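Notes follow once the structure below has been shown.
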Amino acid sequence: MHNYLSISPEVQEALKNNKAIVALESTIISHGMPYPKNKETALEVEKIVRDNGAIPATIALLNGKIKIGLSINEIDYLAQSGEKIIKASRRDIPYLLAQKIDGATTVAATMIAADLAGIRLFATGGIGGVHRGASQTFDISADLQELANTNVAVVCAGIKAILDLELTLEYLETFGVPVLGYKTKELPAFYTQKSGFEVNFKMESAAEIAQLLQTKWTLNLKGGVIVANPVPKAEELDYDTMQKAIDEALIAEKKMGIKGKASTPFLLAKVKEITHGMSLDSNIALVYNNAKLAAQIAVAMQKEE
Ligand code: PSU
Ligand code: MN
């Protein structure tokens with residue numbers, strides 16, 4: 001295993017001294033946002049994690065290694081490469097490492113890497129889920145299976161509105177993944193606080209969430225947890241406008257025959273285009289908000305031990 005992991009000195013030191021650490025994914029950098037906003041966001045997210053008392057560990061596959069803790073140059077490289085970098089989920093890891101091809105890690109691949117390093121908290125924008133029309137296409141993100149099996153808590157702004165929220169919740173229930181709402185009973189839908197669905201449990205503080213994680217993993221109830229943190233009110237988009245934008249993006253996707261791993265990046269970019277960039281601003285704000293909460297939970301976890 002050690003041949004494939006490359007942990008930055010800062011993250012190594014943090015692991016050794018049991019400091020709070022927050023894992024961060026790289027697909028959101030390369031495929032989730034345009035340059036240079038993606039680079040600025042990735043660096044600001046790291047700063048927010050630090051400001052809230054934890055060490056950031058951005059993760060990618062670089063030159064045959066799973067790199068945990070990236071340099072500014074490495075983040076810049078991923079940001080500039082954009083879609084030229086391969087979007088790497090669980091199934092892509094062995095091929096990319098063996099061939100020394102670089103990859104940007106999805107939620108699933110980032111969870112695997114974090115778990116290998118012993119990092120339990122992970123902040124991102126939104127997770128993958130069951131796509132609309134999945135009963136025909138079978139398109140269900142590998143993120144969900146990872147949440148079913150890997151002991152990492154993912155702080156996100158709920159389930160992306162481009163997905164089928166109801167089916168995603170059913171899937172998560174079947175695989176025993178708790179969906180927690182941070183100070184909310186309603187499941188947020190990425191760009192909006194509203195979704196029309198409920199989370200499983202409303203949590204009032206980072207400490208309460210840390211206690212739940214500790215309990216789950218002490219009992220060896222394997223798998224992840226979703227911490228759904230609503231987009232801040234000031235950056236929230238209008239629910240009906242977003243539903244319309246998403247419907248339009250889904251029609252465009254069908255017309256162009258876009259499928260599989262290209263689907264999520266396409267839909268996010270299309271929604272951004274339709275909303276004249278408003279969805280991107282909201283996306284960035286919610287990622288910042290998640291980085292802060294993840295750091296607070298990671299710090300609270302230290303106190304639990
Ligand atoms: N949410 C975002 N931006 C993203 C993603 C999610 O706001 O770029 C990425 C994540 O890396 C997630 C992936 O794991 O999309 C899901 O892709 P798929 O549906 O193909 O599994
Ligand atoms: Mn998919």
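Note that the coordinates shown come from a computational prediction; the quantities given were computed from them, not determined experimentally. Order of appearance sets the numbers: ligands from 1, and atoms from 1 within every ligand. Along the sequence shown, the residues carry numbers beginning at 1.
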[X] [atom1] to [Y] [atom2] distance, which is reported to the nearest 0.5 Å:
| X | Y | atom1 | atom2 | result |
| --- | --- | --- | --- | --- |
| Leu70 | Ser26 | CG | OG | 6.5 Å |
| Ile159 | Leu187 | CD1 | CG | 5.0 Å |
| Ser81 | Ile29 | OG | CD1 | 11.0 Å |
| Asp92 | Leu61 | CG | CG | 8.5 Å |

statement: Under 4.0 Å between heavy atoms, the region of Asp139 that gets near ligand 1 turns out to be neither

- prompt: What part of Thr106, side chain, backbone, both or neither, has a heavy atom within less than 4.0 angstrom of ligand 1?
  reply: both

Best match, [options]: closest heavy atom to [atom]:
| atom | options | answer |
| --- | --- | --- |
| atom 12 (C) of ligand 1 | Ile162, Leu280, Asp143 | Asp143 |
| atom 20 (O) of ligand 1 | His31, Lys261, Met33, Lys87 | Lys87 |
| atom 2 (C) of ligand 1 | Leu268, Val287, Thr105 | Leu268 |
| atom 19 (O) of ligand 1 | Thr264, Leu286, Val107, Leu144 | Thr264 |

message: Just to confirm my output: which protein heavy-atom neighbour is closest to atom 9 (C) of ligand 1, and how far is it?
response: Thr27 CG2, 3.9 Å

task: Give the residue, atom name and distance (to 0.1 Å) of the protein heavy atom nearest atom 6 (C) of ligand 1.
output: Lys160 NZ, 2.9 Å

Give the numbers and elements of all ligand 1 atoms closer than 4.0 Å to a heavy atom of [X].
| X | result |
| --- | --- |
| Asn283 | 7 (O) |
| Gly32 | 8 (O) |
| Glu25 | 10 (C), 11 (O) |
| His131 | 19 (O) |
| Phe190 | 7 (O) |
| Ser141 | 18 (P), 19 (O), 21 (O) |

task: Give a yes or no on whether a salt bridge exists between Lys261 and Asp139, defined as a side-chain N under 4.0 angstrom from a carboxylate O.
output: no

field: Heavy-atom neighbours of Lys37 NZ exceed 12 at 6.0 Å
entry: no

field: Phe201 atom CZ, over 12 foreign heavy atoms within 6.0 Å
entry: no

query: Donor-acceptor pair, Lys160 side chain versus Ile127 backbone, under 3.5 Å?
result: yes

message: Using a 3.5 Å cut-off on N or O atoms only, is Gly126 in polar contact with ligand 1?
response: yes

message: If you consider just the N/O/S atoms, which atom of Asp139 is the closest one to the Mn ion (ligand 2)?
response: OD1

query: Strictly by modelled atom types, are Thr150 and Glu146 linked by a side-chain donor-acceptor pair under 3.5 Å?
result: yes

- request: Check whether any side-chain heavy atom of Tyr171 lies under 4.5 Å from a side-chain heavy atom of Thr174, and answer yes or no.
  value: no

